[in-house]
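Quick notes on the structure that follows.
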Amino acid sequence: MGHDTSRLDPSVLLTDMRADPYFPDHLVERCREVLVSLCERIEARGPADLTALYALTHAATEEVNALEEEFEAAGSEIETVARDDIGGSFWLVATAYGFTDADPEELIATRDW
């Protein structure tokens with residue numbers, strides 16, 4: 001992923017997962033890249049409303065879904081700590097772009113973790 005976002009410092013994303021050795025660093029970084037890419041898509045497309053935002057967050061959630069097998073292969077999983085951290089990071093992204101009325105659960109409604 002090339003550049004950082006203009007509205008959100010990526011270092012605030014996935015802090016619990018980054019601090020926990022249970023989660024492999026390279027996979028946490030891949031999740032962070034999904035979130036940074038989401039920020040870039042929000043900046044590029046400027047979603048006009050929550051429906052448009054949710055379309056972007058659901059696609060990003062599906063990218064995280066695709067990493068579940070890699071977590072399992074590495075002896076880890078997207079479990080409670082990860083779910084809360086990933087969901088919280090999606091919320092940080094939404095609020096950073098002014099979507100303070102976004103439903104935190106709807107942001108990640110397509111999750112299978």
Side-chain angles (χ1 to χ4, degrees):
M1 301 279 109
H3 62 324
D4 288 338
T5 66
S6 62
R7 294 196 191 179
L8 182 67
D9 177 355
S11 71
V12 303
L13 301 172
L14 306 175
T15 54
D16 293 338
M17 289 178 73
R18 285 198 331 250
D20 190 333
Y22 177 68
F23 304 107
D25 291 343
H26 71 286
L27 293 175
V28 175
E29 178 60 20
R30 297 228 351 241
C31 289
R32 191 191 70 79
E33 289 171 357
V34 167
L35 289 158
V36 169
S37 179
L38 171 63
C39 292
E40 293 168 351
R41 279 179 257 161
I42 291 171
E43 290 176 14
R45 297 183 188 165
D49 56 24
L50 286 174
T51 300
L53 175 69
Y54 293 148
L56 295 176
T57 64
H58 292 172
T61 300
E62 289 168 18
E63 291 179 52
V64 175
N65 289 346
L67 296 174
E68 177 66 29
E69 284 184 24
E70 291 182 54
F71 273 93
E72 290 173 3
S76 185
E77 67 178 312
I78 300 177
E79 42 70 87
T80 305
V81 169
R83 272 193 299 275
D84 291 348
D85 203 21
I86 295 168
S89 291
F90 270 88
W91 171 248
L92 287 173
V93 168
T95 58
Y97 289 93
F99 291 97
T100 55
D101 55 346
D103 179 332
E105 285 300 314
E106 184 58 33
L107 289 170
I108 55 172
T110 56
R111 70 182 170 92
D112 57 16
W113 26 269

Indicate yes or no: at least one non-hydrogen side-chain atom of C39 is less than 4.5 angstrom from one of R7. no
Write down the atom of V34, the atom of E63, and the distance for their closest heavy-atom approach. CG2-OE1, 3.7 Å
Can you tell me how far apart CG (L92) and CZ (F90) are? Round to the nearest 0.5 Å. 11.5 Å
To the nearest 0.5 Å, what is the distance between CG on N65 and NE2 on H58? 11.0 Å
Answer yes or no: are there more than 12 heavy-atom neighbours, outside D25 itself, under 6.0 Å from its atom CG? no
So which heavy atom on E79 is nearest to which on Y22, and how close? CG-CE2, 4.0 Å
Can we say R30 and E33 salt-bridge, meaning some charged N sits less than 4.0 Å from an Asp/Glu carboxylate O? no
To the nearest 0.5 Å, what is the distance between CG (L13) and CD (E29)? 10.0 Å
Please tell me if the side chains of D16 and F23 come closer than 4.5 Å, counting only heavy atoms from C-beta onward. no
Can you see which heavy atom on T100 is nearest to which on W91, and at what distance? O-CH2, 3.2 Å
Close side-chain approach of L50 to D103, heavy-atom, < 4.5 Å: no
Indicate yes or no for a side-chain donor-acceptor contact from T61 to the backbone of T110 under 3.5 Å, with no hydrogens or angles considered. no
In this structure, CG of L38 is separated from CD of E43 (nearest 0.5 Å) by 10.0 Å
Regarding R18 and T15, is there a side-chain donor-to-acceptor distance under 3.5 Å anywhere? no
Tell me whether D85 contacts the main-chain N or O of M17 through its side chain, where contact means a donor paired with an acceptor under 3.5 Å. yes
Which is it for R111 and E68 under the salt bridge (charged side-chain N to carboxylate O under 4.0 Å, His left out) test, yes or no, and what are the steps along the way? CA-CA 10 Å; R111 70 182 170 92; E68 177 66 29; over 6 Å; no
Any side-chain heavy atom of P47 within less than 4.5 Å of one from L56? yes
Using the side chain to side chain contact (heavy atoms under 4.5 Å, CB included) rule, pick out the option among I86, T80, V81 that qualifies with D84. T80
What is the minimum heavy-atom distance between R41 and A60, and which atoms define it? NH1-N, 4.4 Å
Heavy-atom side-chain contact between Y97 and L53 under 4.5 Å: no
S89 versus L14, closest heavy-atom pair with distance: OG-N, 2.9 Å
